[in-house]
Amino acid sequence: MNHDCDPQDTISLRSLYIQPTLDDLLSSEGKVFEEAYLDDPLLTLRNIEHMVAQDIDNWVASVANVGEACVQLEILLDQYTSSMDRAHSLRHSIRTLTEIELWVAIDKLVTKEIPILVDYSPEIPLDLFNRVLLPNLVTIHRVCRLYQYLSDRHRRAFQGWSVISDEFTDDSFPVRYFDGSANFHHLKDRIDKNLLPSNPYHAKVVVFELQSPISFQIWRSITCSQSLRVFRYDYDCLLRSSGITVVLHQASEVKRTPRI
């Protein structure tokens, strides 16, 4: 039996009428998903797979508030992933495509809001698609579209540039973001200088982490978690062995002080 058949082959017209829409799921802070999942877990998961495949691009195109949209996508992705874990689903290919489709939606929104992010690796390797089964023409077209998007992201990124880095330079994402933001410069001037690291790059990163865009926070979190789950790449080990943990700790210490 092929457990990775496309969701379009298994969802009846009746199920599309009784299940919530993608907009319902994304605009309810997870409540609609919880209600639908309690009623029919399998149908809810397969309906999400179908709607993401069919409707996510139109939904992304209609987004007005990127930060809010990223929060909505993160909630749905977390609910879908955790539910698939509990279900011990054998639909690995469809699951992978659904999760990557949601990651691409977030990536499109965040790179539009923060254009310099395209200069950095998307962190999701192209060989991801080597493990995806292609049961029909619809899935083949879907994989080709996702592969092209991810390939373009890798091509546009500078060699060796990564948001998940173990050192900070003029080329680091938070440093460049800080340098291009008058608000961050003003924030840095209001912070007691004794609270900031003496290293100028670390000081900029601390200020960036104090008020980094929520969209970027979500992008970074989901990118790391997806890479860890799908590719078993332990970003936590990288973070522990690098200067990132130190800087994030310093940022948290600054946040706890009333001296801003």
Side-chain angles (χ1 to χ4, degrees), residues 29 63-75 77-78 103 106-124 153 156-229 231 233-260:
E29 298 182 344
V63 165
N65 185 316
V66 170
E68 180 181 291
C70 287
V71 171
Q72 294 169 335
L73 289 166
E74 180 185 38
I75 292 172
L77 179 55
D78 284 347
W103 177 88
I106 293 172
D107 191 67
K108 287 179 177 179
L109 291 171
V110 180
T111 53
K112 183 177 180 180
E113 182 180 59
I114 311 174
I116 65 170
L117 186 59
V118 300
D119 295 339
Y120 299 83
S121 170
E123 309 295 344
I124 306 295
R153 280 285 277 112
R156 296 173 68 184
F158 289 107
Q159 182 68 33
W161 284 26
S162 172
V163 169
I164 313 298
S165 177
D166 60 354
E167 62 182 32
F168 301 110
T169 68
D170 287 329
D171 297 330
S172 299
F173 175 82
V175 174
R176 292 178 66 203
Y177 194 100
F178 174 95
D179 288 341
S181 170
N183 289 336
F184 278 113
H185 283 275
H186 295 325
L187 176 59
K188 182 173 181 288
D189 291 339
R190 300 204 313 270
I191 298 174
D192 187 328
K193 295 308 177 280
N194 293 326
L195 296 175
L196 292 175
S198 57
N199 183 302
Y201 294 128
H202 286 193
K204 290 179 180 181
V205 176
V206 166
V207 176
F208 171 80
E209 292 295 341
L210 287 174
Q211 292 188 3
S212 59
I214 184 64
S215 59
F216 171 74
Q217 295 176 31
I218 290 171
W219 181 92
R220 181 172 58 185
S221 174
I222 289 178
T223 299
C224 291
S225 63
Q226 284 298 302
S227 295
L228 175 59
R229 190 195 69 77
F231 310 110
Y233 189 91
D234 193 350
Y235 277 111
D236 287 340
C237 289
L238 173 60
L239 293 175
R240 285 196 299 269
S241 64
S242 71
I244 296 178
T245 299
V246 175
V247 172
L248 293 182
H249 175 72
Q250 290 170 323
S252 67
E253 290 297 316
V254 174
K255 282 183 179 180
R256 283 197 287 264
T257 69
R259 303 184 183 184
I260 299 178

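For clarity, every value in this text was computed on a predicted model and none was experimentally measured.
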Check: Ignoring hydrogens and geometry, is there a side-chain-to-backbone donor-acceptor pair from Thr111 to Lys108 under 3.5 Å?
Finding: yes

Check: Taking the six-membered ring for Trp, are Phe178 and His185 parallel (under 30°), tilted (30 to 60°) or perpendicular (over 60°)?
Finding: tilted

Item checked: Thr169 side chain vs Asp171 backbone, donor-acceptor pair below 3.5 Å -> yes

Next item on the list: Spell out, as yes or no, whether a donor-acceptor pair under 3.5 Å connects the side chain of Glu74 to the backbone of Ile222.
Entry: no

Check: Side-chain contact, heavy-atom cut-off 4.5 Å: Arg176 with Asp119?
Finding: yes

Next item on the list: Check the angle between the aromatic planes of Trp161 and Tyr120 and answer parallel, tilted or perpendicular using the 30° and 60° thresholds.
Entry: tilted

Note to self: If we ignore hydrogens and angles and just use 3.5 Å, is the side chain of Ser172 paired with the main-chain N or O of Val175 as donor and acceptor?
What the structure shows: no

Check: Counting only N and O atoms by type, is there a donor-acceptor contact under 3.5 Å from the side chain of Thr223 to the main-chain atoms of Trp219?
Finding: yes

Margin query: Using the side-chain contact (heavy atoms from CB on, under 4.5 Å) definition, which of the options Leu109, Ile106, Ile114 pairs with Ser215?
Written below: Ile114

Checklist line | Aromatic ring pairing Phe208/Tyr177, orientation class (parallel under 30°, perpendicular over 60°, tilted between) | finding: perpendicular

Checklist line | CA sep, side-chain torsions, deciding dist, call: Leu77, Gln226, side-chain contact (heavy atoms from CB on, under 4.5 Å) | finding: CA-CA 10 Å; Leu77 179 55; Gln226 284 298 302; 4.3 Å; yes

Item checked: Sidechain-backbone polar pair: Ser225 side chain, Ser221 backbone, donor-acceptor under 3.5 Å -> yes

